[in-house]
Amino acid sequence: MLQKPRGTRDFLPDEMEARRAVEWRLRDVARRWGYREVCTPEFEDLELFTMRSGEGIIGEMYVFEDKGGRKLALRPEITAAVIRMYINEAKVAPKPLRWCYFADCFRYERPQKGRYRQFWQFGVELIGADTAIADAEVIMLAADMLNATGVRYELKVGHLSFVKNLLKDVEPALQRTIRAQLDKKDFEGLKATLDGMNRPELAESLMTIVSCQDLKKAFEIAGDIPERERIEQTMGYLDAAGVRYSLNLGIARGLDYYTGIVFEGFADNLGAENQILGGGVYRLAHLFGGDDVASCGFAIGFDRVMVSLGETARTKETVAAIVCTDEGRTRALAVARAFRDAGIRTEMDLMGRGFGAQLGHAAKSATFAVIIGQREAASGEVTLKNLQSGEQKTITLEAALAEVGAVGSRG
RNA sequence: GCCAGGGUAGGGUAGUCUGGUUAUCCUAAGGGGCUGUGGAUCCCUCGACCCGGGUUCAAAUCUCGGCCCUGGCCCCA
């Protein structure tokens with residue numbers, strides 16, 4: 001039998017409905033903050049991704065050549081594409097731009113829990129607002145969106161300047177090693193690295209600062225940071241808004257284009273792959289030939305959110321099943337039409353089942369049976385049977401529509 | 001790329017150690033008993049040993065390779 005490609009998934013209707021429900025909650029929050037949805041191509045020039053991350057990531061992407069010999073890649077993430085689109089299409093639009101997207105991405109990696117080769121991200125990019133309140137807005141939105149999904153999580157907020165300032169006279173290659181060790185809280189490795197440099201006092205400062213929960217103290221340790229006022233303002237807005245977060249100045253993020261505030265969200269109940277959100281302030285546009293506009297954004301790992309939410313009991317949608325006899329079938333089609341026009345999910349027998357069998361099938365799949373036999377066809381009424389309670393009554397079509405519709409609106 | 005455990009009808013499973021009848025059971029699905037009242041029950045039907053090589057008179061079972069799944073490591077834009 002033909003199998004689906006490694007790391008991909010099929011979604012049956014139950015799961016699809018659950019995913020769409022969460023997707024729409026996210027979209028609705030974004031909409032209320034003024035973030036409008038955009039869409040970029042599923043594949044892009046390979047160069048778009050290598051310019052930003054180096055040739056090294058080719059091994060982790062789906063790369064292919066098209067019939068014209070162009071080197072292309074399935075998008076491994078969306079931020080780069082959104083910034084490319086901004087430069088191509090919207091450079092002169094009034095700032096700031098508030099954009100969001102929900103789209104699938106592809107990475108050639110070893111699948112495991114919460115990690116698939118095709119996965120979905122819900123992301124947000126705020127382009128062209130380089131202020132403390134802009135940073136705060138994006139983080140507040142991140143918290144709002146995660147809250148809307150119902151996932152249990154921890155939000156960590158940091159800023160790259162602290163560690164950067166402490167490491168300003170360290171050579172770049174070593175800086176990178178140290179930042180990775182701080183991000184992983186690998187203090188053993190960190191000590192070894194710094195002992196090799198003969199800078200034990202630096203190890204002390206770094207280890208203190210990554211676990212520091214007090215912003216004032218962090219500034220004392222890190223020394224004179226030019227962004228101090230903006231950081232204090234941003235955190236002040238978050239505190240005033242009651243955003244639940246913890247300070248974590250060790251967050252490194254994977255890429256060099258982040259320049260300021262960075263933040264990450266972690267689900268409480270996932271295993272190794274528990275990061276469900278990541279973002280920060282970055283400058284990327286100049287890489288693609290645009291202006292050096294500042295942006296702030298994040299992406300939510302949608303599939304991990306769904307894994308974290310687990311099997312949630314779904315409220316079954318109200319379904320009306322039209323049950324008819326041969327004599328009632330023409331009338332039944334008209335009744336079905338009326339139900340569908342009223343927005344009610346309505347199904348008719350297609351299997352040539354007898355009356356009893358139709359009702360039997362309806363009992364398994366529907367909330368109401370709408371019975372149209374010879375008598376109803378003649379009178380123009382319908383018999384509405386509530387399949388949970390067993391009650392039934394013969395009433396006008398309008399009354400039946402009203403009754404089923406009322407249940408539907410209660411969900 | 002590395003480590004561990006797995007793969008038997010649509011779903012869930014027994015059988016594998018110790019090779020040997022028509023591969024077990026539950027469920028789902030389709031039909032019938034039942035052409036105006038359903039979920040019960042009874043009967044019938046459909047439907048599987050992941051793929052390939054090896055050993056053997058004989059392989060779901062032993063063996064080798066591959067593919068895929070689950071979890072962990074690495075990585076994580």
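So you know, we letter chains A, B, ... as the sequences are listed, proteins then strands, and number each from 1.
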A/Asp66 (side chain) donor-acceptor with A/Gly68 (main chain) under 3.5 angstrom: yes

Any-strand Watson-Crick or G-U partner of B/rC62, both distances under 3.5 Å: B/rG54

Separation of the P atoms in B/rG11 and B/rG5, to the nearest angstrom: 25 Å

Residue pair A/Ser246 / A/Gln213, side-chain donor-acceptor N/O under 3.5 Å: no

Length of the CE-P vector between A/Met351 and B/rG30, whole Å: 6 Å

Donor-acceptor side-chain pairing of A/Tyr282 and A/Glu125 below 3.5 angstrom: yes

Whole-Å C1' distance, B/rC62 and B/rC49: 16 Å

B/rC69 and B/rG54, which share atom name P, separated by this distance in whole Å: 28 Å

Nearest-Å distance once atom C1' is located in both B/rU27 and B/rG39: 15 Å

Value in whole Å for how far the C1' atom of B/rA40 lies from NZ of A/Lys364: 12 Å

Phosphate-side-chain proximity, A/Gln112 and B/rG72, N/O vs OP1/OP2 below 4.0 Å: yes

Touch class at under 4.0 angstrom, heavy-atom based, for A/Arg353 against every strand present: sugar-phosphate

Nearest-angstrom distance, C1' atom, B/rA28 to B/rU21: 29 Å

Any strand: nucleotide that pairs with B/rA40 via Watson-Crick or wobble, under 3.5 Å: none

Rounded distance (Å) that lies between atom P of B/rC74 and atom CZ of A/Arg115: 11 Å

Sidechain N-carboxylate O distance under 4.0 Å for A/Arg9, A/Glu15: no

Whichever of A/Pro76 and A/Gly373 has its nearest RNA chain B nucleotide further upstream toward 5': A/Gly373

Touch class at under 4.0 angstrom, heavy-atom based, for A/Gly278 against every strand present: nothing

A/Arg110 CZ to B/rA4 P, straight-line distance once rounded to whole Å: 12 Å

Sugar-phosphate, base or nothing in reach of A/Gln358, heavy atoms under 4.0 Å: nothing

Touch class at under 4.0 angstrom, heavy-atom based, for A/Glu376 against every strand present: base

Base partner of B/rC25, which must satisfy Watson-Crick or wobble distances under 3.5 Å: B/rG12

Atom C1', compared across B/rG47 and B/rU24: separation rounded to whole Å: 15 Å

P atoms of B/rC50 and B/rG6, separation to the nearest Å: 14 Å

Length of the CG-P vector between A/Leu387 and B/rG38, whole Å: 11 Å

Distance in angstrom units between A/Glu60 CD and B/rC76 P, rounded: 8 Å

From B/rG36, B/rG38, B/rA77, nucleotide with atom closest to A/Lys385 side chain: B/rG38

Sugar-phosphate only, base, or nothing, as touched by A/Gly297 at under 4.0 Å among non-hydrogen atoms: nothing

Check: A/Gly114 main-chain N/O paired with A/Asp303 side-chain donor or acceptor under 3.5 Å: no

Donor + acceptor pair across side chains of A/Gln118, A/Tyr62 (<3.5 Å): no

A/Pro111 vs A/Arg304, nearer the 5' end of RNA chain B by closest nucleotide: A/Pro111

Whole-angstrom distance between B/rG38 and B/rG32, as gauged at atom P: 16 Å

d(CD, A/Glu125; C1', B/rA77) in whole Å: 12 Å

Touch class at under 4.0 angstrom, heavy-atom based, for A/Gly354 against every strand present: nothing

Residue matched to B/rC73 through Watson-Crick or wobble contacts both under 3.5 angstrom: B/rG1

Nearest-nucleotide pick for A/Arg107, side chain only, options being B/rG36, B/rA77, B/rG71: B/rA77

Between A/Thr383 and A/Glu376: side-chain donor-acceptor atoms closer than 3.5 Å: yes

Interatomic distance where CD belongs to A/Glu273 and P belongs to B/rC74 [whole Å]: 10 Å

